[in-house]
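Since this is a predicted model, take the numbers as computed values, not measurements. Whatever order the structure lists them in is the order used to number ligands and atoms, beginning at 1.
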Amino acid sequence: MDDGKHDLQYALFIHLNLGVAMEQYLEQISQAVVKGDQNATIELVQAAVDAQVDANTIMQKGLIPAMSDVGRLYEQGEYFVPEMLISARAMKAGLEIIKPLLAGSDLKPAGTVAVGTVKGDLHDIGKNLVGIMLEGAGFSVHDLGTDVSPEQFIEAIRTNQVDLIGMSALLTTTMPMMETTTNAITRAGLRNQVKIIIGGAPITQAYADKIGADGFAPDASQAVKLAINLVNQR
Ligand code: B1M
């Protein structure tokens, strides 16, 4: 009886301490990214992985919130473009460590996707995450990079037999390029061959409806759900 009680207390003790350790890792990872300390980010993400902190938790609760903080600091005039860039580099270094864990799947391809950040826009962290998560869900992913022109999207559809195009935009000034690209795909006679999904901080479902995209996802995991649904409809 006593032994059982001790086992329970011990389990609770381990559980609480693991929880505290996990929160500390996540907090420290966020701080390292905000400071733009690439080496510390790498070490901390690796330490968290070694301590069995789930890769998705590291991403959702450590790395992504750090970039929101960086955005807030930029808006408040405390950070400028170089600081944003250095933080983005640290975030990417951390992401590289968990990438194999997020994409670690040997499912057969669920479909072929081409993802890219639209012309004029150089933000690629969200687009990279979407690509990694789609790969993890079994899609074959062609990453077209950033500053992708409508012609490049069209070329990707023609050469790679893609089922789905994923466009990302982070700037209100580059959002209209999603409509330009969608219209160009239609004019090229390819619109009924592909589904189009869009995302990025300023994008909404209303905007997706307005430009005739097949869907919008607010984050990478919902982008995967949407992609699976759309490809299954084909
Ligand atoms: Co820029 N930047 N930036 N920036 N930057 C923002 C976007 C900004 C909101 C900052 C701010 O003012 N608070 C602001 C845009 C304002 C606006 O348009 N309303 C801004 C600005 C103004 C600029 C410049 C114009 C600054 C300047 O030069 N004066 C310039 C533009 C350069 C250009 O693109 N032509 C610029 C440059 C840069 C850097 C190069 C320094 C760097 C990017 C580095 C890189 O990506 N390699 C940078 C950064 C880091 C940011 C912030 C701080 C962080 C972006 C990020 O990586 N977030 C950003 C502020 C913010 O977002 N809070 C900001 C983390 C990432 C995981 O989130 O990309 O939103 P996100 O992706 C999410 C979802 O949106 C979604 O899934 C992801 C999460 O799971 N998602 C999709 C994204 N794509 C999707 C596609 C989908 C589905 C979901 O389907 C296909």
Side-chain angles (χ1 to χ4, degrees), residues 30 33-34 36 38 55-96 98-99 102 111 113-137 139 141-148 153 156 162-178 181-182 194-205 207-208 211 213-231:
S30 266
V33 173
V34 172
Q38 190 172 341
N56 204 37
T57 305
I58 296 175
M59 180 177 81
Q60 300 290 352
K61 298 195 172 162
L63 295 170
I64 291 183
M67 295 314 285
S68 304
D69 285 349
V70 171
R72 187 177 39 76
L73 289 165
Y74 176 77
E75 274 170 28
Q76 291 167 348
E78 287 186 44
Y79 270 21
F80 298 93
V81 171
E83 285 87 357
M84 280 206 287
L85 205 50
I86 292 167
S87 288
R89 218 168 44 198
M91 156 104 188
K92 282 183 169 186
L95 200 56
E96 275 305 307
I98 55 170
K99 185 175 165 180
L102 293 171
V113 184
V115 291
T117 305
V118 296
K119 190 169 172 57
D121 200 322
L122 303 175
H123 296 85
D124 67 354
I125 296 176
K127 181 266 298 169
N128 293 347
L129 273 177
V130 171
I132 292 169
M133 300 291 277
L134 285 169
E135 246 174 55
F139 283 90
V141 177
H142 296 272
D143 189 339
L144 308 179
T146 59
D147 194 20
V148 182
F153 278 110
V162 305
D163 303 297
L164 190 132
I165 289 285
M167 285 187 266
S168 180
L170 265 283
L171 300 171
T172 43
T173 48
T174 56
M175 273 172 72
M177 201 36 82
M178 293 177 152
T181 305
T182 306
V194 283
K195 297 287 183 187
I196 298 178
I197 68 169
I198 61 174
I203 311 302
T204 58
Q205 181 62 52
Y207 184 68
I211 69 166
D214 295 297
F216 151 77
D219 59 42
S221 45
Q222 295 199 51
V224 170
K225 282 189 200 150
L226 180 62
I228 291 172
N229 283 340
L230 289 171
V231 167

Q: Would you mind checking which non-hydrogen protein atom is closest to atom 30 (C) of ligand 1, with the distance to 0.1 Å?
A: H123 CE1, 4.4 Å

Q) Heavy-atom distance to atom 41 (C) of ligand 1: which of R89, M84, K119 wins? A) M84

Q: Quick one: look at K92 and ligand 1, take heavy-atom pairs under 4.0 Å, and tell me if it's side chain, backbone, both or neither.
A: side chain

Q) Short list, please: which atoms of ligand 1 are under 4.0 Å from a heavy atom of L129? A) 67 (C)

Q | Closest protein heavy atom (residue, atom, distance) for atom 68 (O) of ligand 1 | A | G126 CA, 4.4 Å

Q) Considering only the protein, which heavy-atom contact is closest to atom 76 (C) of ligand 1, and what is its distance? A) P218 O, 3.5 Å

Mind listing the side-chain donor-acceptor pairs of residues 75-91 below 3.5 Å, one per line with the distance, residues two or more places apart or on another chain?
{"from": "Y79", "atom 1": "OH", "to": "V34", "atom 2": "O", "distance (Å)": "2.7"}
{"from": "E83", "atom 1": "OE1", "to": "F80", "atom 2": "N", "distance (Å)": "2.8"}
{"from": "S87", "atom 1": "OG", "to": "V33", "atom 2": "O", "distance (Å)": "2.9"}
{"from": "S87", "atom 1": "OG", "to": "V34", "atom 2": "O", "distance (Å)": "3.1"}
{"from": "S87", "atom 1": "OG", "to": "E83", "atom 2": "O", "distance (Å)": "3.3"}

Q. Under 4.0 Å from atom 8 (C) of ligand 1, do we find at least one protein heavy atom?
A. no

Q | Within-cutoff protein neighbour (heavy atom, under 4.0 Å) for atom 24 (C) of ligand 1 | A | no

Q. What part of A88, side chain, backbone, both or neither, has a heavy atom within less than 4.0 angstrom of ligand 1?
A. side chain

Q.
Within the protein, is there a heavy atom lying under 4.0 Å from atom 11 (C) of ligand 1?
A. yes

Q | Protein heavy-atom partner closest to atom 85 (C) of ligand 1 - residue, atom, separation in Å | A | G199 C, 3.4 Å

Q: Measure the distance from atom 80 (O) of ligand 1 to every protein heavy atom, then report the residue, atom name and distance (to 0.1 Å) of the closest one.
A: A220 N, 2.9 Å

Q. By number and element, which atoms of ligand 1 are closer than 4.0 Å to a non-hydrogen atom of G200?
A. 75 (O), 81 (N), 82 (C), 83 (C), 84 (N), 85 (C)

Q: Closest by any non-hydrogen atom to atom 34 (O) of ligand 1: pick that one out of V81, L122, T173, D69.
A: L122

**Q.** Protein heavy atom at shortest distance from atom 58 (N) of ligand 1
**A.** M67 CB, 3.7 Å

**Q.** Numbering as shown, the atoms of ligand 1 that approach I197 to under 4.0 Å (heavy-atom distance)
**A.** 90 (O), 91 (C)

Q: Output all residues satisfying side chain to side chain contact (heavy atoms under 4.5 Å, CB included) with A208, sequence neighbours left out; order by chain, then residue number.
A: I198, Q205, A213, F216

Q | Sub-4.0 Å protein heavy atom next to atom 17 (C) of ligand 1 | A | yes

Q | Distance flag for atom 50 (C) of ligand 1, protein heavy atom under 4.0 Å | A | yes

Q) Hey, looking at atom 29 (N) of ligand 1, which of F216, Y74, F80 has the closest heavy atom? A) Y74

Q. Which ligand 1 atoms does G166 reach within 4.0 Å, using its non-hydrogen atoms?
A. 91 (C)

Q: Could you check atom 45 (C) of ligand 1 against the protein and tell me its nearest heavy-atom contact, residue, atom and distance included?
A: D124 OD1, 3.4 Å

Q) Which heavy atom of the protein is the closest neighbour of atom 20 (C) of ligand 1, given with residue, atom name and distance? A) L171 CD2, 3.8 Å

Q: For ligand 1, note which part of I203 has a heavy atom under 4.0 Å away: side chain, backbone, both or neither.
A: neither

